[in-house]
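As C-alpha cells, the structure follows; a few thoughts come after it.
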Amino acid sequence: MACASPSRRKTDLALPPAIAAAFARQADFCRLFGAPLTAAVCDAAIIAVDDGSTVGRTLIAWPGDAMADALMMRFTGGCNTLVRAGRAPALAALYPPATTPGVADLAAALRDVLADPGLDAALCGWLAGPPQTNEVARSGVLMPGMMAIAAITGLPLRLFELGCSAGLNLNLDRFGYDLGGVCAGDPAAAVQLRPAWTGPPPPLAAVRVIARRGADISPLAIADPAVAERLLAYVWPDQPERVARAEAAIAIGRAFPPVIDLADAGDWVEQHVAPVAASTSVVFHSIAFQYFPAATKARIAAHLAAMGAAATPDAPLAWLRYEMDDPALPQLPTLRLTLWRGGDPVETLLARAHPHGANLEWLV
Ligand SMILES: C[S@@+](CC[C@H](N)C(=O)[O-])C[C@H]1O[C@@H](n2cnc3c(N)ncnc32)[C@H](O)[C@@H]1O
C-alpha cells in the first residue's frame, strides 16, 4: 500500500482495534522470543500513533491483514533504520545499549519522530514494502542436518537453497559450530553458532560443499550497502549478538558470494535439481516454504519425487527442510529430511528447533 497523503487533518483518530490488536500480538511475540525493546516499540505505537502523521493515516487505513502483511515488522524496521542512521537521536537514546525504557517514554519519542515531516516520510516508505530477513542462526539447525546427510551418504554436497533471501546460509560450511559438544565448520570464522542443545549429539561427519546455488523470488544483493543496511534493520536491535552475527555473515557473503537466481522456487527446482554422480544433491530451505504458492509447493514435491526415483547410492538426493509445518506446535519448527538413494525415500524427523535457531532438540 502506498503512503497516505502527507496533508494533515489531525483529529486524534487512533489505530483501529484490529490494527492495535495486531501490534499488541506482535509485542507478545517479541517478548516471548527475547526482544523486550521491540515489544515496547509495538506497544508504544498503539498509544503514539494517530492521524496527525502520514504514517498514522497509512496505518489507520491499512486495507489488509496486518499480521499477514508483517505490518509491525515494517514499522519497527523503519524505526530501527532511523536509529541506526543517527536520524532520530531521542529515539536512539532509548534503544540498546540503554535498558528497556517504559512504553510512555517510547511513545513520546515516537510522537516526536512522527511530527517531523522528513522522518515521517522516511518511516512511511518502510510501510510500503514487506520485510525481508535472512537469519544466520538457522545455520545452527541446518548444519547438523547436513552432517546427518554426509554421515549417511559419505559424499560431498551440492547445495540448492529455496527462498534463500541474501544467501547467507548458503555459506553455512564457512561458519563455526558447537553442536551439543560436537565441533564443526571453521573454528576461526567470525560467525560461531552454538544453539542450546538437547538430545544426543549429531553425527560427527565432515560437510564438504562442492557447489552451492540459491533461488529467491526477491533476492537481496548484499554487495549493495543500502540492501545490507535494510537487511540489518529488520534484525531486532535488542539482540546485539544477532546483529553482530548478521554483519559477520554479510562480510562472509561478500567475500564468497554464492550464485543467487531471481526465480520462483518451483520453476528453479525443475531447471536446476537432478542427482549427479559422486555427490549428494541437497535441496534445503528454512522458514520459506510457508510463503510459496500452493502450486510452487506441489511442483517442488513432484519434481523431487521424480528426481528421487533416479537417485542411487552414488548419486543421492536429499530434501532438508526447517519449517513451521506442525499444526499442533505452530511456533516450533521441525527439521525434516527426505533421502533418496535408490528405492523408497527415507523420511526422518531430525529435530525440533526455535524459529531463529536459538535452541534445538535433536531427535535421532
Ligand atoms: C522468511 S524469509 C526466509 C529467508 C531464509 N530462508 C532464512 O531462513 O533466513 C522467506 C523467503 O522466501 C522467499 N520467497 C517467497 N516466495 C518465494 C517463491 N515463490 N520462490 C522463491 N522464494 C520465495 C522470500 O522472498 C524470502 O526471502
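In each ligand, atom 1 is the first atom listed, and ligand 1 is the first ligand listed. Small disclaimer: the values here were computed from a predicted structure and weren't measured.
Between E347 and R321, at least one side-chain N (NZ, or NE/NH1/NH2) sits under 4.0 Å from a carboxylate O, which counts as a salt bridge. Under the 4.0 Å criterion applied to side-chain N and carboxylate O atoms, D28 and R31 are assigned as salt-bridge partners.
The one candidate from N80, T76, D238 that meets the side chain to side chain donor-acceptor pair (under 3.5 Å) condition with T38 is D238.
Taking all heavy atoms of Y322, W268, F292 into account, the minimum distance to atom 17 (C) of ligand 1 is reached by F292.
Those atoms of ligand 1 with a heavy atom of Q132 less than 4.0 angstrom away are 25 (O), 26 (C), 27 (O). Close contacts between ligand 1 and Y291 involve ligand atoms 1 (C), 10 (C), 15 (C), 16 (N) [criterion: under 4.0 Å to a heavy atom].
The single protein non-hydrogen atom nearest to atom 13 (C) of ligand 1 is D216 OD2, 3.3 Å, given as residue, atom name and distance. Protein heavy atom at the shortest distance from atom 7 (C) of ligand 1 is R138 NH1, 3.1 Å.
In this structure, W319 has its ring center at least 6.0 angstrom away from the ring center of F160. Ring pair F284/Y322: centre-to-centre distance not below 6.0 Å.
Not a single heavy atom of L162 lies less than 4.0 angstrom from ligand 1. For P219, the closest heavy-atom approach to ligand 1 does not fall below 4.0 Å. The closest approach between H285 and ligand 1 stays at or above 4.0 Å for every heavy atom of the residue.
Considering backbone and side-chain N/O atoms, C164 never comes within less than 3.5 Å of an N/O atom of ligand 1. At least one N/O-N/O distance between I217 and ligand 1 falls below 3.5 Å.
Taking CE of M143 as the reference point, atom CG of L320 lies at 11.5 Å (rounded to 0.5 Å).
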